[in-house]
Amino acid sequence: MSVSGSTLLAGVMGWPISHSLSPLLHGYWLREHNIDGVYVPLPVAPSNLEHGLRALPRVGFRGVNLTVPHKEAALSMMDTVSDVARRIGAINTVFVSDDGSLSGTNTDAHGFIENLRLNAPTWQKNGGAAVVLGAGGAARAVVAALIDAQVSEVFLLNRTVEKAEQLAQAIGGPIKVVNWDDRDEAIGNAMLLVNATTLGMVNQPKLEVSLSALPKMAIVNDLVYAPLETELLRTARQMGMQTVDGLGMLLHQAVPGFEGWFGKRPDVTDGLRNVVLKTT
Ligand code: ATR
């Protein structure tokens, strides 16, 4: 790789930043499309976030992704914020405009719905409600995406019920909060079940849920991608249900940023999946 004065610059700000998979996947697309650009990890402490963001236009960056712990704090540091980012309450993608102003958006809802559409094209034809487990940052993006896709109803369950209630309030629309302990029965309502908790991830507790009430036509999507086939997905597959893994959302959420910074809409291919999978 050689860089010059015309090389397009983008990156990801986080603290710490070494765990981020974003340099790997953007680097893959830059090579695939032979683009004169670089995407670098930027270790930025929370106390330096505003300075770091304001420096972007001054040092010629096209923009950045934001990761933990910056996504919420950055909301008040942008010149413009997209509606979806405001509803989700977090920014993961920043674009530097020609006049040097910063616009922030959140591409997680796009990533979630795009992955679902491509991997389970029939998901809306079945009609019916969605059941979402979790009320953290990922769940907010999922619920916003489902409401925007005009799902008839979202049943939302979270261990801490107050967080589910706050989420429902912030996103608005047909969202019904159900107690976490009632999840085995609540699932009977679902044509789509989404696990947006961290349960089932490596080194995390198991997701304790019975799928016996879930309609056989239902689609099960786990946002956890390490392991790629979680126990939830394995059980659903063994019961004959269609399953969607969590890696696709991670890859699809990166597409709008890459297109905005580097001028080419990249594809999420098996080649990219395999490269990312080798590191997870
Ligand atoms: P993310 O950004 O990935 O959404 P998060 O904001 O930390 O991560 O959210 C983690 C989610 O997993 C939350 O819904 C959390 O439930 P609480 O809001 O009650 O904390 C859920 N979660 C984590 N550990 C859990 C556990 N042991 N039992 C039930 N839910 C759990």
Side-chain angles (χ1 to χ4, degrees), residues 12-17 19-22 46 65-75 84-93 104-113 115-116 130-147 154-171 175-187 190 193-211 220-228 230-233 235 244-254 276 280:
V12 54
M13 290 182 176
W15 187 259
I17 195 58
H19 67 283
S20 175
L21 291 172
S22 295
N65 284 125
L66 297 175
T67 186
V68 179
H70 298 322
K71 290 182 179 192
E72 290 84 16
L75 267 176
V84 71
R86 222 171 260 298
R87 283 163 71 218
I88 294 171
I91 287 175
N92 73 348
T93 307
T105 191
N106 191 307
T107 61
D108 284 338
H110 164 85
F112 166 75
I113 216 79
N115 184 45
L116 194 57
V131 170
V132 177
L133 306 178
R140 284 175 89 101
V142 167
V143 174
L146 291 172
I147 294 296
V154 176
F155 292 88
L156 182 62
L157 297 89
N158 193 50
R159 174 181 59 176
T160 313
V161 73
E162 294 79 17
K163 274 176 68 184
E165 278 157 2
Q166 283 162 13
L167 191 164
Q169 185 84 36
I171 305 291
I175 305 167
K176 191 168 187 307
V177 174
V178 179
N179 282 331
W180 180 247
D181 289 343
D182 297 334
R183 57 197 180 280
D184 292 352
E185 303 88 78
I187 274 174
L193 170 65
V194 183
N195 175 35
T197 72
T198 47
L199 297 172
M201 195 184 281
V202 284
N203 301 327
Q204 294 293 319
K206 190 170 142 53
L207 171 60
E208 308 272 3
V209 67
S210 161
L211 300 186
V220 180
N221 183 0
D222 201 334
L223 302 197
V224 171
Y225 60 83
L228 190 61
T230 58
E231 200 171 316
L232 173 70
L233 293 184
T235 307
V244 177
D245 69 55
L247 185 58
M249 176 175 171
L250 174 80
L251 304 181
H252 282 285
Q253 65 75 30
V276 175
T280 58

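Start at 1 and go down the list; that is how both ligands and their atoms are numbered. This one's a predicted model, so the numbers in the text were calculated from it and none came from an experiment.
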Student: Could you tell me which atoms of ligand 1, counted from 1 in the order shown, lie closer than 4.0 angstrom to a heavy atom of Trp180?
Tutor: 29 (C)
Student: Among all protein non-hydrogen atoms, which one is nearest to atom 4 (O) of ligand 1, and what is the separation to 0.1 Å?
Tutor: Ala138 N, 2.9 Å
Student: At what distance is the nearest protein heavy atom to atom 27 (N) of ligand 1, and which residue and atom is it?
Tutor: Arg159 NH1, 3.3 Å
Student: Side chain of Asn92, backbone of Thr107: donor and acceptor closer than 3.5 Å?
Tutor: yes
Student: Yes or no, since that's all I need: does a protein heavy atom fall within a distance strictly under 4.0 Å of atom 7 (O) of ligand 1?
Tutor: no
Student: Can you check which of Thr198, Leu167, Val224 brings a heavy atom nearest to atom 22 (N) of ligand 1?
Tutor: Thr198
Student: Any N or O on Ala135 sitting closer than 3.5 Å to an N or O of ligand 1?
Tutor: yes
Student: Check whether Asp222 reaches the backbone of Val224 with its side chain - one donor and one acceptor, N or O, closer than 3.5 Å.
Tutor: yes
Student: Compute the shortest N/O to N/O distance between Lys163 and ligand 1 and return yes if it is under 3.5 Å, no if not.
Tutor: yes
Student: For Glu208, does its backbone N or O pair with a side-chain atom of Arg183 as donor and acceptor, under 3.5 Å?
Tutor: yes
Student: For the residue pair Val220 and Val244, establish whether any side-chain heavy-atom pair is separated by less than 4.5 Å.
Tutor: no
Student: Ligand 1 versus Leu223, non-hydrogen atoms closer than 4.0 Å: side chain, backbone, both, neither?
Tutor: neither
Student: Considering only the protein, which heavy-atom contact is closest to atom 19 (O) of ligand 1, and what is its distance?
Tutor: Thr160 OG1, 2.5 Å
Student: Considering only protein heavy atoms, which is closest to atom 15 (C) of ligand 1, and at what distance to one decimal place?
Tutor: Asn158 OD1, 4.0 Å
Student: Any nitrogen or oxygen of Thr197, side chain or backbone, less than 3.5 Å from one on ligand 1?
Tutor: no
Student: In terms of residue, atom name and distance, what is the protein heavy atom nearest to atom 9 (O) of ligand 1?
Tutor: Gly136 CA, 3.6 Å
Student: Is it true that a side-chain atom of Asn158 and a backbone atom of Ala135 form a donor plus acceptor pair closer than 3.5 Å?
Tutor: yes
Student: Less than 4.5 Å apart, side chain to side chain, heavy atoms only: is that true for Glu231 and Leu207?
Tutor: no
Student: Would you say Gly137 and ligand 1 have an N/O pair spaced under 3.5 Å apart?
Tutor: yes
Student: So Asn195 and Thr230, do their side chains get closer than 4.5 Å, heavy atoms only?
Tutor: no
Student: I need the atoms of ligand 1 closer than 4.0 Å to a non-hydrogen atom of Gly134, numbered in the order shown.
Tutor: 14 (O)
